[in-house]
Amino acid sequence: MAENEKNEVVKAEEKKAAPEKAEKKADKPSFFKRAGASIKRFLRENKAELKKIVWYDKKSTIRSSIIVVVAILVSALFLGILDFGFSQGLMALGKLV
């Protein structure tokens with residue numbers, strides 16, 4: 001007898017929960033509202049991350065840029081000399097054969 005009462009109580013609770021589930025589905029925001037919220041959150045987090053960046057002053061930026069350009073020019077010159085030397089060596093070998 002106690003089991004029947006428990007089953008009836010469980011069934012009554014399930015019936016009460018069923019309309020709540022339907023209400024929750026109706027309360028679910030639309031795709032556009034969810035997408036808008038996601039975009040807002042993304043932009044807010046981006047703004048927070050950009051505030052953490054350490055921006056160097058103009059003098060340091062120019063000095064670093066000059067160092068990079070000089071390193072590129074030296075590397076290009078070195079590779080150009082190697083290329084010229086290897087091509088001349090191959091041309092000399094071609095004339096021997």
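Worth saying up front: this structure is predicted, and the values here are computed from it rather than measured.
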TODO: Identify whether F78 and F86 are in the same connected component of the hydrophobic contact network (ILVMFWY, side-chain heavy atoms under 4.5 Å).
DONE: yes
Open item on the list: Using a 3.5 Å distance criterion without hydrogens, assess whether the side chain of S60 forms a donor-acceptor pair with backbone atoms of Y56.
Closed with: no
- [ ] Supply the atom-to-atom distance R63 CZ to D57 CG, rounded to the nearest 0.5 angstrom.
- [x] 7.5 Å
TODO: Identify whether I62 and W55 are in the same connected component of the hydrophobic contact network (ILVMFWY, side-chain heavy atoms under 4.5 Å).
DONE: no
Open item on the list: Hydrophobic clustering (ILVMFWY, side-chain heavy atoms < 4.5 Å, transitive) - are I39 and F42 grouped together?
Closed with: yes
Open item on the list: With heavy-atom distances below 4.5 Å as the criterion, would you say the side chains of L73 and L77 are in contact?
Closed with: no
Open item on the list: Tell me if a side-chain donor or acceptor on S87 pairs with a main-chain N or O of F84 at a distance below 3.5 Å.
Closed with: yes
